[in-house]
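Lettering follows sequence order; numbering is per chain, from 1.
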There are 2 protein chains.
Amino acid sequence: MRTKGKPSSMRGIRQLAEHLDISIGTVSRALNGKPDVNEETRRRVLAAAEELGYVANQSGRSLRQGETKVIGLMIESSQEAVENADNFFLGVTSGLQHVFARHKLDLLMLPCPSDEDPCEYLKRMVARRVVDAMIISNTQRIDRRIDLLSRARIPFAAVGRSLSAGNFPWIDLDFEGVAERAVERLAARGHRRIAITAPSSEVNLGYVFVESYRRALEKHGIPFNPSLVIRVKSSEQGGYQAAHELLLLEDRPTAVVLIYELMAIGLYRRMMESGIVPGRDLAVIGFRDAPRARFLQPSLSCFRMSLYDLGIALGEMLLANMPAYRELYPDCGRNIIWPLELVQGESDAFEIEAMV
Amino acid sequence: MRTKGKPSSMRGIRQLAEHLDISIGTVSRALNGKPDVNEETRRRVLAAAEELGYVANQSGRSLRQGETKVIGLMIESSQEAVENADNFFLGVTSGLQHVFARHKLDLLMLPCPSDEDPCEYLKRMVARRVVDAMIISNTQRIDRRIDLLSRARIPFAAVGRSLSAGNFPWIDLDFEGVAERAVERLAARGHRRIAITAPSSEVNLGYVFVESYRRALEKHGIPFNPSLVIRVKSSEQGGYQAAHELLLLEDRPTAVVLIYELMAIGLYRRMMESGIVPGRDLAVIGFRDAPRARFLQPSLSCFRMSLYDLGIALGEMLLANMPAYRELYPDCGRNIIWPLELVQGESDAFEIEAMV
DNA sequence: CCTACAGTCGTAAACGTTTACGGGGTGCGT
DNA sequence: ACGCACCCCGTAAACGTTTACGACTGTAGG
């Protein structure tokens with residue numbers, strides 16, 4: 001009843017076909033680039049579709065062909081996630097979209113409500129067939145989502161390793177390299193008492209990170225001192241706590257490596273309270289060059305990565321695991337350790353004089 | 001061919017009906033809570049659906065009833081947006097989801113690729129009928145998306161005012177109140193030379209913000225000095241630039257009000273370079289208490305808001321504009337100016353001695 | 001006994017696509 | 001003239017739902 005005399009009320013392919021006086025089959029073939037249609041006809045169809053603003057209804061299309069041309073990126077909208085959110089997902093998103101655009105795939109972000117079980121949410125989303133494939137993140141040590149996706153045979157890729165379900169496609173940050181190179185850099189500047197923060201050794205990262213740290217120390221002839229491994233939460237509070245524990249040590253370290261950039265703010269604050277100035281009295285190396293890390297004074301030495309490139313790799317890895325695109329990405333690794341590059345700040349810009 | 005002997009390969013409502021030996025119509029009615037179905041039958045259907053893991057195919061459903069039960073939240077994934085992103089969207093998202101969950105609506109975030117025209121992207125998304133309604137943000141002074149959505153009769157709400165298309169539902173931050181209360185607070189501490197930063201007066205905000213500032217000055221008997229209005233970009237660079245300009249003034253201000261928290265980092269840095277310490281030599285009031293703003297030392301006085309509550313209001317405003325839910329939210333304002341609360345930091349924690 | 005009615009349920013037609021199939025044409029070779 | 005291949009196009013059947021409609025019970029009221 002809204003459609004007055006205007007010809008612009010385009011409801012479906014049927015109206016478009018009638019308007020052109022062609023069958024809907026031909027119209028569909030013309031629009032989808034199928035070969036068996038006269039070029040002249042195709043031109044007319046495309047012109048009319050453009051003029052009338054016709055776009056295929058996605059529900060009908062995906063009902064028919066059983067795919068939606070949509071990739072889902074699951075993120076969490078919990079309180080903690082909100083607090084920790086920086087540009088990580090958006091940065092990765094732009095890389096993902098660049099890959100997906102090549103195949104006319106669209107990316108949708110699925111924010112899991114904080115009061116819903118992530119696994120239930122994911123189950124609902126994939127059962128609804130609103131996405132053809134999924135990307136998940138923040139993978140847990142054992143993550144039921146991985147089992148779910150595997151069993152449902154939904155193509156997926158994860159950012160973050162997990163011990164679940166054998167061999168699935170993932171990409172993860174090079175924490176080992178970070179620990180190793182941070183120690184290397186600090187040792188080169190004369191530091192011998194280098195502390196490190198890490199989550200509990202229960203979680204995979206907590207174990208891996210400290211082991212790399214230990215190996216790096218040995219490589220530079222520095223004895224491993226367990227009391228210099230500070231197990232705290234990877235948060236601002238954790239950073240404050242870590243600083244507090246460091247201050248209690250009788251043989252105070254001259255440097256500290258953080259595993260998460262948020263910790264730096266807490267650590268800076270606690271250190272300042274005791275008159276210890278980062279970058280002068282204590283060398284600090286952080287983790288990621290998140291935009292917010294640049295708020296620190298003195299600027300934080302940390303590790304940089306291209307979120308965009310990470311998104312590219314992640315997207316290609318996912319496509320390599322989708323039947324429809326597999327052959328296009330033949331030599332795409334199933335597991336990738338993503339390297340990071342050290343960016344020099346002021347927080348460790350001093351040397352320890354050798355005392356032999 | 002994947003379905004071995006397991007009974008868990010549930011493809012559609014038809015299989016479920018056959019398994020129960022009931023017609024698909026009854027099954028559908030039972031699942032959807034329609035009244036004309038025996039309670040005993042309904043129980044059986046629900047049990048079987050749960051057991052077999054049946055969930056209605058969304059494509060078929062939305063094709064039939066012309067709605068998708070999905071609300072879209074359009075965000076931008078441009079380089080600038082990535083840089084500026086903090087927890088804003090995620091914070092609002094959690095509030096939105098809380099509202100939508102009441103009606104079994106799901107929220108999808110639609111990240112517009114940086115190399116695509118936002119309007120074209122939006123057109124594609126709504127034409128595909130993948131969402132029933134939209135929420136847009138970062139509204140421009142004249143925003144073609146608003147005209148597009150209005151003409152297409154897609155329910156929508158915006159965060160941010162605009163001059164486009166008459167009366168549409170929006171919610172915006174109380175910039176006027178921010179300017180007014182910042183000046184009030186500074187004046188109460190004895191400041192008489194209060195600078196302010198603002199975007200170009202071409203954009204709505206640039207005009208509104210400065211006008212409120214001027215009125216607030218008058219209210220406290222402080223003459224308006226045009227040279228204390230610094231027009232710079234709302235970015236870290238802009239903050240640096242603003243500090244630079246302030247330092248060039250012969251009668252240097254004792255306080256400055258920033259319109260964007262990112263500016264604080266640049267301003268701090270430039271000030272430090274000249275030996276001016278924020279919170280001691282210069283009072284600074286920032287804008288939003290974004291998590292990253294808490295990285296600053298000394299801590300920034302700024303304005304706080306509950307993103308969650310903002311999301312709630314935004315969600316209800318949108319529902320009030322959707323025919324299916326309108327009557328449930330009768331007294332829902334069409335336009336809301338969202339208040340902010342001053343949170344006291346150290347960056348303006350000193351008083352100016354009165355010199356009469 | 002007839003009618004009315006409420007409670008259940010089955011039937012079938014949509015919703016908008018895509019695509020397998022087949023059928024007119026036309027041109028060519030035999 | 002006949003067969004054949006080829007190009008183009010129309011027909012119709014799916015895809016998985018929801019829902020208007022009608023049919024079938026049983027019960028109550030007259």
| task | Please assess B/Val70 against B/Leu105 for the test side chain to side chain contact (heavy atoms under 4.5 Å, CB included), listing each intermediate value before the final yes or no. | result | CA-CA 6 Å; B/Val70 168; B/Leu105 294 168; over 6 Å; no

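Here the C1' atom of nucleotide C/dT18 and the CG atom of A/Asn57 are 13 Å apart, to the nearest Å. Between the P atom of D/dG10 and the CD1 atom of A/Ile24 lies a distance of 10 Å, rounded to the nearest Å. As rounded to whole Å, 13 Å separates atom P of C/dT11 from atom CD1 of B/Ile22. For the pair B/Leu31 CG and D/dT18 C1', the interatomic distance rounds to 12 Å; values are reported in whole Å. One can place CZ of B/Arg29 at 11 Å from P of D/dT18, the figure rounded to the nearest angstrom. Atom CD of A/Gln15 and atom P of C/dG16 are 7 Å apart (whole Å). Distance, A/Asn38 CG to D/dC6 P: 18 Å, rounded to whole Å. The separation between A/Glu39 atom CD and D/dC8 atom C1' is 12 Å, rounded to whole Å.
The side chain of B/Ser23 approaches C/dG10 more closely than any other nucleotide in the set D/dT18, D/dT19, C/dG10. Nearest to the side chain of B/Ile13, among C/dC9, D/dT18, D/dC8, sits D/dT18. When the nucleotides D/dT17, C/dT19, D/dC8 are ranked by their closest atom to the side chain of B/Arg14, D/dT17 comes out on top. Taking the side chain of B/Tyr54 as heavy atoms from C-beta on, and the options C/dG16, D/dA20, D/dT17, the nearest nucleotide is D/dT17. Checking C/dT17, D/dC9, C/dG16 against every side-chain atom of B/Leu63, the shortest atom distance belongs to C/dG16. For A/Gln65, counting side-chain heavy atoms from C-beta on, the closest listed nucleotide (C/dG16, D/dT18, C/dT18) is C/dT18. Each of D/dC8, D/dT17, C/dT18 was ranked by its minimum atom distance to the side chain of A/Ser28; first place goes to C/dT18.
Note on B/Ser59: nothing from the nucleic acid sits closer than 4.0 angstrom, heavy atoms only. Across all strands shown, B/Ser62 has no heavy atoms under 4.0 Å from either base or sugar-phosphate atoms. Residue A/Asp36 is classed as a base contact, given a heavy-atom separation below 4.0 Å to a base.
Taking side-chain N and O atoms only, A/Arg61 has no distance below 4.0 Å to OP1 or OP2 of C/dG16. Residue B/Lys34 places no side-chain N or O under 4.0 Å from the OP1 or OP2 atom of D/dT18. In this model, the phosphate group of D/dT18 is approached by a side-chain N or O of B/Asn32 to a distance below 4.0 Å at OP1 or OP2.
Nearest-nucleotide positions on DNA chain D for B/Gly25 and B/Gly60 put B/Gly60 closer to the 5' end.
No donor-acceptor contact under 3.5 angstrom links the side chains of B/Ser59 and A/Ser59, judged on distance only.
The aromatic rings of A/Phe168 and A/Phe156 lie parallel to each other, their planes meeting at an angle below 30°, with 60° marking the opposite boundary.
Using a cut-off of 4.0 Å between Lys/Arg side-chain N and Asp/Glu carboxylate O, B/Glu116 and B/Arg124 are scored as salt-bridged. Of the charged side-chain nitrogens involved, none lies within less than 4.0 Å of a carboxylate oxygen, so that B/Lys123 and B/Asp117 do not count as a salt-bridged pair.
Listed here is the closest heavy atom pair of B/Ile71 and B/Val131: C-CG1, 4.2 Å.
Between the side chain of A/Arg64 and the base of D/dG16, no donor-acceptor pair of N or O atoms lies under 3.5 Å.
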